Amino acid sequence: MSPAEALPKIYDPLGTEARWQQAWEQQAAFHPDPQAPGEPFCVVIPPPNVTGSLHMGHAFNTALIDTIVRFQRLRGKNVLCLPGTDHASIAVQTILEKQLKAEGSSKEHLGREAFLERAWAWKAESGGTIVAQLRRLGYSVDWQRQRFTLDAQLNTAVVEAFVRLHDQGLIYRGEYLVNWCPASGSAVSDLEVEMKEVDGFLWHFRYPLASGPTADGTTHLEVATTRPETLLGDTGVAVNPSDQRYAALVGQTLSLPLVGRLIPIVADEHVDPGFGTGCVKVTPAHDPNDFAIGQRHGLPLITVMAKDGSMNAAAGRFEGLDRFEARKAVVAAMEAEGFLVKVEPHRHAVPYSDRGKVPVEPLLSTQWFVRTEPLASRCRGALANPAGAAPQFVPERWSKVYRDWLTDIRDWCISRQLWWGHRIPAWFVVSETAGEITDSTPYVVARDQAEALAKAEAQFSGGSPGQPVQIEQDPDVLDTWFSSGLWPFSTLGWPDGAALDLAKWYPTSVLVTGFDIIFFWVARMTMLAGVLDPRGVGEPWIPFADVYIHGLVRDEQNRKMSKSAGNGIDPLLLIERYGADALRFALVREVAGAGQDIRLDYDRKTDSSATVEGARNFANKLWNASRFALMNLGGETPASLGDPDPAQLQLADRWILSRLARVNQETAERYGNYGLGEAAKGLYEFAWNEVCDWTIELLKRRLHVPAELEGAAREAALADQRSARQVLAKVLNELLLMLHPLMPHLTEELWHGLRGAPIETLLALQPWPALDQAALDSELEELFAETIELIRMARNLRATGGLKPGQKVSLVAITTSRPELQRVLELAVPDIEVLVKAERVEVFSSMPELPRSLMGISGSAQVQLQLPEQDLAALRSRLEKDLAKAEKEIAGLAGRLANPNFADKAPAEVVAECQANLAEAQAQAQLAQQRLADLG
RNA sequence: GGGCGAUUAGCUCAGAGGUAGAGCACUACCUUGACACGGUAGGAGUCACUGGUUCGAUUCCAGUAUCGCCCA
C-alpha cells in the first residue's frame, strides 16, 4: 500500500490478490514442517476431478475450508491443508476416446501403452486448469504437497490396500449383476447410477398356459412390463402368494411367447399384487429384483444382451438389434402374434449412468467386489459407541444419513473395464487355462509382477509337464473412488509407516464436503481406514475428527447447478468482477446453520450478483476505513503508537474497546465451531456499523487538532489525539486479523499498509489478537447503545423539523431518570454536539420547560430540540406519532396484565418487567398528551 | 412408498416461549476533509395453514399444503 495521499478511493482487488497469492507461495507460507511444534491441524481437500474446471461448488467448499484453516493458523496450530486432484477414470477416458474417434482412431488401435502415454500427456496439458483456478481463490494450501491419485506413491497405497483387503478375504471376484454402462463399456458402481423419472409405457402381454385351459377356463396369465425386450430372457413369472386370483396357478407352466420356452409360475412375497396385473415376468439376468427372485426359486439365468447393449444370439431372431430397436421389434411381434393386450403410458424411474448419460443395463458379469458388510459394521459400531472413534458430523443430523447408508449396504463393485486408472494387482495364471483368461482362470494377487509370478509358481505347475507357469495381469482398473477412499492417509505417506506427515497429521482434523458425497466418499474413507488402520496403532482409526457438511450452491431459481442444465455460475467471472475476497465473503456470509443450501442471486444478462457486489462494497468500506486511518495516524503505526493508555481513554474509546474484545471472543468461538456464516455476519456488522459508522465518526473530532489551539489546551488536545490514534490503530489492526480468514488478500494488503511491514512478514502467519478481558464492560456497552439511540432520535427530530443538513440546532436537551445513563450522556456531550450538529447539548435528570421544542421519547429518556424557528405542524405530528406508539404499547401490556392467569402463572420477573414497561408507556403517553395540549 | 430439509418484509435470509431482525431493493434529503462501491433519516411483515400444549406460540408438539433433496 502506497502513502495515504496517493491511495485511490476505490479498492482494486485484481492486482492485489495476484500479488499476495504470489507472495504466499514464494515464501512457502503454508508449507508446514511436521517436526515443528504446535498442535496439529490438518485438512485434506476433497480432490476435484482432474478434467474439471472450477465451479461454484468448488469455490464454496474452498471458501469454507480456507476460512477454517486460516483461522487455525492464526490460533497457532501447526496447520497442513493438502491439495490434490483425482484421476477420474471414466471422464478422462471418455474425453480421450472422443478425441481418438475424431481422428479416425481408437484406443484399441493405439494399444494400451500408447493410450496411457496419451492420457498422461493430456493430463500434463489440461490437468492444471483447476489447480490454477483454485489458486485464484487464495487457497492457503501447501502446494508443495500437492497430490494426484495416480502418483507413484498413491498408486503404492492403492496396491497395498487391495492386497491387504484381498488377503483378509474382503475383496473377491464374483459373478453378479452389475450396472453395465454400454456407452463407456464398463461396469459402474451403484453410486454412479442416477435414477431419472422418464415417461415410458407399461405393456400388458398374454403368456399362455402350456398345458391348455384350466378347469375354470383360464388360458393365460397377463403380465405387465416396461421393458418388453427382456422377455426373451424370462425364465419365470411370479405372483404374490397371498394373491387369490392366481393361487391355483402357482406351480403351473407357461409357454413364453416368441421363444416357446416353458417357464414356471412361482409365488414370491416381493411381488406387489396391486401393481399392473399382479403378475411379474422374471428375467433374472437383466434385473436386480428378478435376480433375487430367481435365486429364491432356482430359476436359470439367460443373458440376451451383449455388452454393447445389442441383443445376442440367445435373443434368436432379434440378435444384433440395439436394445431400443429390439424393444420396438418385440412389441411388434407380440402384437402380430396376438399376445399384446394393451399399452398404457407409464412414468417410471430408469437408472442412468452418471458419466455415460445413457440407461445402464443390469448385466451378469464377473467383476471384483469389496465385501462391505464387515467394513461397514465396524463403522456403525464406532458410531454407536460414544467414546468411540466416530466422526462428529456438523450438523449432527447427517450422522443418521451416514449410519443408514452403512446399514444394508451392498457389496461394492470396484473393477472398471477401462485403461486409465490403477490397474488391478491381480494376475491370472493363464497357463492353467490354455493361455486364455476365462471366468474360471485362477489368479494370484500381489504387489508386483515378480511377487505374482513367485506366488503363481508356488501354487501351479504350468498346465502340462515341463511348461513354465504363465501369468497375465488383469486388464481392468479400479474404481476411482477406491483411491479416493484412501485419500486422507495415502496423501500423508501411507503405507510408509515411518512417514512424518502421517505421524503428525493423521487422523486429520476435519473433512469439509457437500452432503451429496456422504456415500460416495465419506463412508468409503471410514470403511477403508477402519480395515487398514493407517497409523497401525488401533484407535483412533477414523480418518477425521469432524465432518463438516455444507449445502449446495443453487442458482437464482433455486436449481442445483449442473453442467447439463447449463445453469452454472462461473466463479472466475465473479472473481474478475468483484475479487476473490468478495466472492469468498459472500459465499460464507450466506451460510447460516451449517448444511443449508445457499442461493446465489445472479443476473445472467449482466453477469452480476447483488450478493457478491455487497461483499465487494464491504471490501471497499474496509479499504476506505484503512485509508482514513493512514491519513490520520500522522505517519505512525500500531507498533509505534503502542496500546492505548487506559487512563487516557474517553468514553467512546472504552466502548469500542469493549466491543472489540467482545467481538474477538464471539468470532473465535464461531470460527472454531463451524459457525462461519455467523462469524462473517458478526464481523460485517461490527466493522460497518460500530467501527465505521460510529467509532470513526466519533474519533474525527479528536484526530483533528485545530491549528489555533495554544499552550496547555494544545498539549491536552495532542495527548487526546494520540490516544484516539492508538484506539483507531488497535481496532483496525485487530479487525483485519479477525477478518483475515474470510478476506485474506485485502486484509493482508491493508495490514501491511497500516503496519508498514515488509512483505516477508505475513498477516497470515500472525497470532490471533489476545483477548483483552479487562476491556470488557457490558454495562458500558448497554449504556452506549442507549446513547446511540438518543443521538439517532435527535437526528430524527432534526429531519422531522425540516432542518437542512448543515443547519445547527441551538439546543439539544436530553432528560433521563437513570443516573448511570445521565453520567454517560454527560461524558458524551462533546460527541453529541458534533453528531447532532448542535450548538449546545445539556443533560437533565428531570425535564426542563422548553415550550414548543420538538420532543421525542425513548424509554425513560426524552430528547428535546430547540429550533431557531418552530414548525408547529411538525411538532404536533411528531407528538402524535409518539402518542400512538405509546398507546399501542399500553393496550398490549394492559391486556396481558389484566389476564389473571398471567399474573398468577408467569414468572415474577416477567410480570414485573411488564408492569414497569406499562408504567413507562403510560408516562410517555401522558407527556405527549400534555405537550399536545400545551400546543393548543 | 420411506426419510430429510424449507416455508418470516418486494428479494436473499437470520432469529427466539414474553410487543418481529439484517443485507439488498424502495422513498426523501445529502457530492460534508475515508468511502456515492458512500452518509442521514424513513416506509414496509396475520412469521404457509389447521389444531394442541402454555398465563402467553411466529418460536414447542401433531397434522395439512406447497417446494426442494436423498433413498427405494
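Remember, it's a predicted structure, so these values are computed and weren't measured experimentally. Numbers restart at 1 for each chain; the letters A, B, ... are given by sequence-line order, proteins then strands. Keep in mind that the numbers below use all heavy atoms, side chains included, and drop hydrogens, waters and symmetry copies.
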Q: Using a 3.5 Å distance criterion without hydrogens, assess whether the side chain of A:Gln721 forms a donor-acceptor pair with backbone atoms of A:Leu703.
A: yes
Q: At 4.0 Å (heavy atoms only), tell me whether A:Arg795 reaches a base, stays on the sugar-phosphate, or touches nothing.
A: sugar-phosphate
Q: Measuring from atom NE2 of A:His55 to atom CG of A:Asn61, what distance do you get when rounded to the nearest 0.5 angstrom?
A: 9.5 Å
Q: Is the shortest side-chain N to carboxylate O distance from A:Asp268 to A:Arg296 below 4.0 Å?
A: yes
Q: Of the nucleotides B:rG18, B:rA34, B:rC4, which one has an atom closest to the side chain of A:Met631?
A: B:rA34
Q: By nearest atom, which of the nucleotides B:rA22, B:rG18, B:rU12 is closest to the A:Ala906 side chain?
A: B:rG18
Q: For the P atoms, the ones on B:rC13 and on B:rC61, what distance do you get once it is rounded to whole angstrom?
A: 23 Å
Q: Measuring from the side chain of A:Tyr684 (C-beta onward, heavy atoms only), which nucleotide among B:rU19, B:rA36, B:rG23 has the closest atom?
A: B:rG23
Q: Compare the minimum distances between each of B:rA41, B:rC69, B:rC71 and the side chain of A:Ala799, then state the nucleotide with the smallest one.
A: B:rA41
Q: Can you tell me which stems involve RNA chain B, if a stem is defined as three or more consecutive Watson-Crick or G-U wobble pairs, both distances under 3.5 Å?
A: B:1-7 with B:65-71, B:10-13 with B:21-24, B:26-30 with B:38-42, B:48-52 with B:60-64
Q: Take atom CH2 of A:Trp405 and atom C1' of B:rA72, then tell me their distance rounded to the nearest Å.
A: 15 Å
Q: Counting the atoms with a prime plus P, OP1 and OP2 as sugar-phosphate, which does A:Pro900 contact under 4.0 Å by heavy atoms, base, sugar-phosphate, or nothing?
A: nothing
Q: Do the rings of A:Tyr684 and A:Phe618 sit parallel, tilted or perpendicular, given the 30° and 60° boundaries?
A: tilted
Q: Identify whether the distance between the nearest side-chain nitrogen and carboxylate oxygen of A:Lys681 and A:Glu590 falls below 4.0 Å.
A: no
Q: At under 4.0 Å between heavy atoms, what does A:Lys700 touch on the DNA or RNA strands: base, sugar-phosphate, or nothing?
A: base
Q: Measure CZ/A:Phe519 against C1'/B:rC4 and give the value in whole Å, please.
A: 11 Å
Q: Picking from B:rG3, B:rA34, B:rG38, which would you name as closest to the side chain of A:Asn617?
A: B:rG38
Q: Looking only at atom P, what distance separates B:rC67 and B:rU27, rounded to whole Å?
A: 34 Å
Q: Quick check on RNA chain B: between A:Asn689 and A:Val910, whose nearest nucleotide comes earlier from the 5' end?
A: A:Val910
Q: Reckon A:Asn624 has a side-chain N or O less than 4.0 Å from the OP1 or OP2 of B:rG38?
A: no
Q: Which listed nucleotide (B:rC71, B:rU19, B:rU40) is nearest to the side chain of A:Asp693?
A: B:rU40
Q: Both A:Glu889 and A:Arg616 contact RNA chain B. Which one's nearest nucleotide lies toward the 5' end?
A: A:Glu889
Q: Choose from B:rC24, B:rG42, B:rG39 the nucleotide whose nearest atom is closest to any side-chain atom of A:Lys621.
A: B:rG39
Q: Ignoring the backbone of A:Pro805, work out which of B:rC69, B:rC29, B:rA14 is nearest its side chain.
A: B:rC29
Q: Which residue in the set A:Tyr402, A:Trp398, A:Phe393 passes ring-ring contact (aromatic ring centres under 6.0 Å, His included) when paired with A:Phe515?
A: A:Trp398
Q: Given the P atoms of B:rA25 and B:rU64, what is the spacing between them in whole Å?
A: 41 Å
Q: Considering only side-chain heavy atoms of A:Trp688, which listed nucleotide, B:rG18, B:rG43, B:rG39, is closest?
A: B:rG39
Q: Please state the P separation for the pair B:rA62 and B:rG68 - nearest whole angstrom.
A: 24 Å
